[in-house]
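Note that ligands are numbered from 1 as they come in the structure, with each ligand's atoms numbered from 1 the same way. Every value quoted in this text rests on a predicted model; they were computed, and no experiment measured them.
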Amino acid sequence: MLRRLDRVKGYDAIVVGSGVIGLSCAWRLSELGRRVAVFDPSPGQGASAVGAGMLAPVTEASWHDRTLVDLNIRAAREWPAFARELEEKSSRPTGFRACGTIYAAFDSSDKTALEEMCEFQNSLGLDASWCSPTRLRALEPLLTPGVRGGIWAAGEHQIDNRLFVSALEQAAIAAGVRRVEKSVTAVEIGAGVVRGVRTVHEVCSAPLVVLAAGHAVGRIDGLPKGLVPEIRPVKGQILRLANRKGVVFASPNIRALVNGSTVYVVSRDDGGVVVGATQEEKGEDLTVDAGALYRLLRDAQRVLPGIEELEVAEFTAGLRPATRDHLPVIGATAVGGLLLALGHFRNGILLAGVTGEAVAALAESGSLPPWCEPFAPERLAEKIAV
Ligand SMILES: Cc1cc2nc3c(=O)[nH]c(=O)nc-3n(C[C@H](O)[C@H](O)[C@H](O)COP(=O)(O)OP(=O)(O)OC[C@H]3O[C@@H](n4cnc5c(N)ncnc54)[C@H](O)[C@@H]3O)c2cc1C
């Protein structure tokens, strides 16, 4: 029963969450001619604003997730055209830069580990080559002379994730997406199909609802137990520095293994430098601590001594949305019209474009593109009655 205050508004599609994943879905759905609203009480303040913006299918490749490597490679291949289209339609920059990534080894055991990683990357057919210290320093002269060698992944890129969020917002608005700065408290479901969403003051109807609320999706009511896989927050503390000269600090993305710990340094065109990041299982904790700040700066300074000269701009934490198998969930649920775009973990910036594309294709044709099928929610959903 609706309360007297409730107003019922109708859309063709409602997207819950306006991080890069929700915005990309909203934009692409709107381009299909649908009337779309995106709900978010604090737009662009989630993980999307915190991330580093590396587009890194090669140096993120890990031992067990071949399906994710394939999706990441597809996404990286599409990024140059995606960035051009987004910049054109939003009239805003994204900070896309084709810069390559160096993965440098600090000591001899770091070197052994990275040589093995390079072999694994090559075994997957990825574009990674092993470089001597001299070759690495020719690619980036700011690297310490003591570096033991490392991997060069020429095809990796970066974007400025904050510019990206802003460009996506603008493109979505230009395409007709309505932004509603409210939290969705519940999804309305009836007779096995989605009817819309509820906020504190109103109910909005829509035959299609896309849940893209990141790690906070579990707080939304009205969803049958087990329908939406558990999404857990994985904390990342990350430092932002600034080059006073206002020019690029180190040209490629620099990753390093330093006495077994990983660190990365991503330099922006405007002199901004991002140093990241911790990976911590601490629930919804957004505090930052001196120990993490010390370790990130210490390890970054060991490979790029010039980092000491940079100004400290910001030290924050974000929450990566992760599923239990660390792969995203994209696709339809057992409730008609209720779609998921969740759990992009460490690669959500990279995967935003392909996720929007897959969700729009599903809405239009009723099925996911074949390349997205491994990420359909069935693999994690429990048996439920709707
Ligand atoms: C330190 C760090 C570094 C990273 N580096 C990279 C990188 O280099 N490259 C890369 O590809 N990825 C990176 N990532 C991962 C990437 O940032 C995430 O995968 C991506 O931002 C997830 O986007 P999202 O839209 O799903 O979530 P979010 O950006 O968290 O957006 C979810 C949104 O949903 C909203 N919301 C929540 N509940 C509700 C509700 N009930 N109603 C309405 N709205 C709601 C929130 O307000 C939020 O705005 C990094 C992440 C972190 C934390």
Part of Leu351 within contact of ligand 1 (heavy atoms, under 4.0 Å): neither
Tell me: protein heavy atom nearest atom 13 (C) of ligand 1, and distance? Arg346 O, 3.2 Å
Please indicate whether any nitrogen or oxygen in Arg320 is less than 3.5 Å from any nitrogen or oxygen in ligand 1. no
So, is Met54 polar-close to ligand 1, with some N/O to N/O distance under 3.5 Å? yes
Please list the nearest protein heavy atom to atom 33 (C) of ligand 1 with its residue and the distance rounded to 0.1 Å. Asp40 OD2, 3.4 Å
Residues Asp70, Arg66: salt bridge by 4.0 Å N-O rule: yes
For Gly318, counting its heavy atoms only, list the atoms of ligand 1 lying under 4.0 Å from any of them. 53 (C)
Among all protein heavy atoms, pick out the one at the shortest distance from atom 36 (N) of ligand 1; state its residue, atom name and that distance to 0.1 Å. Ala213 CB, 3.9 Å
May I ask you to test the Leu168-Leu86 pair for a side-chain heavy-atom distance under 4.5 Å? yes
In terms of side-chain geometry, is the basic nitrogen of Glu364 or Arg34 positioned less than 4.0 Å from the acidic oxygen of its partner? yes
May I ask whether Ser42 places a heavy atom under 4.0 Å from ligand 1? yes
Check ion pair Arg84-Glu88 (N to O, under 4.0 angstrom): no
Is it true that Arg28 and Glu31 make a salt bridge, defined as a side-chain N closer than 4.0 Å to a carboxylate O? yes
Go through ligand 1 atom by atom and flag the ones less than 4.0 Å from a non-hydrogen atom of Asn347. 10 (C), 11 (O), 12 (N)
Interatomic distance, CZ@Phe375 vs OG1@Thr323, rounded to 0.5 Å, equals 10.0 Å
So for ligand 1, is Leu350 a polar contact partner (N or O within less than 3.5 Å, distance only)? yes
Identify, for atom 5 (N) of ligand 1, the protein heavy atom at the shortest distance, and state residue, atom and that distance. Ala52 N, 3.1 Å
In ligand 1, the atoms that come under 4.0 Å of a heavy atom of His344 are 19 (O)
Can you check which of Ser48, Gly22, Gly46 brings a heavy atom nearest to atom 29 (O) of ligand 1? Ser48
With heavy-atom distances below 4.0 Å as the criterion, list the atoms of ligand 1 near Ile220. 41 (N)
Which ligand 1 atoms are under 4.0 Å away from a heavy-atom of Gly19? 25 (O), 29 (O), 31 (O), 33 (C)
Over 12 foreign heavy atoms within 6.0 Å of CZ, Arg324: no
Check ligand 1 against Ala216 and write out every atom of the ligand that is under 4.0 Å from a heavy-atom position of the residue. 37 (C), 38 (N)
Just jot down the side chain to side chain donor-acceptor pair (under 3.5 Å) partners of Glu309, sequence neighbours excluded, or say none. none
Taking distance alone, with no angle check, do Phe345 and ligand 1 share an N/O pair under 3.5 Å? yes
Atom 43 (C) of ligand 1: nearest protein contact (heavy atom, Å): Phe39 O, 3.3 Å
Taking both backbone and side-chain atoms of Val16, is any N or O found less than 3.5 Å from an N or O belonging to ligand 1? no
Starting from atom 17 (O) of ligand 1, find the nearest protein heavy-atom neighbour and note its residue, name and distance. Ala47 O, 3.3 Å
Could you tell me whether Arg148 and Glu115 have a side-chain N and a carboxylate O separated by less than 4.0 Å? no
State whether the side chain of Ser183 and the backbone N or O of Thr185 hold a donor-acceptor pair below 3.5 Å, judged by distance alone. no
Test your reading of the structure: does Val234 have an N or O sitting under 3.5 Å from an N or O of ligand 1? no
Indicate yes or no: does Arg295 engage Glu280 in a salt bridge with an N to O separation below 4.0 Å. no
Using a 4.0 Å cutoff against the non-hydrogen atoms of Val20, which atoms of ligand 1 qualify? 23 (O), 25 (O)
Looking only at non-hydrogen atoms, which of Gly348, Gly51, Pro233 approaches atom 20 (C) of ligand 1 most closely? Gly348
Mind checking whether Pro43 has a heavy atom under 4.0 Å from ligand 1? no
With heavy atoms and a 4.0 Å threshold, my read on which part of Tyr264 contacts ligand 1 is side chain
Which residue from Gly214, Ser24, Gly53, Ala341 reaches closest to atom 7 (C) of ligand 1 through any of its heavy atoms? Gly53
So between Val266, Thr185, Ile21, whose heavy atom ends up nearest atom 25 (O) of ligand 1? Ile21
Name the closest protein heavy atom to atom 41 (N) of ligand 1, giving the residue it belongs to and the distance to 0.1 Å. Val184 O, 2.9 Å
What I'd like to find out is whether the side chain of Val177 reaches to under 4.5 Å of the side chain of Ser30, using heavy atoms alone. yes
Between Arg92 and Glu169, is the closest basic N to carboxylate O distance under 4.0 Å? no
From Val147, Ile151, Leu136, residue fulfilling side chain to side chain contact (heavy atoms under 4.5 Å, CB included) relative to Cys131: Leu136
Quick check on contacts: which atoms of ligand 1 are under 4.0 angstrom from a heavy atom of Ser183? 40 (C), 41 (N), 42 (N)
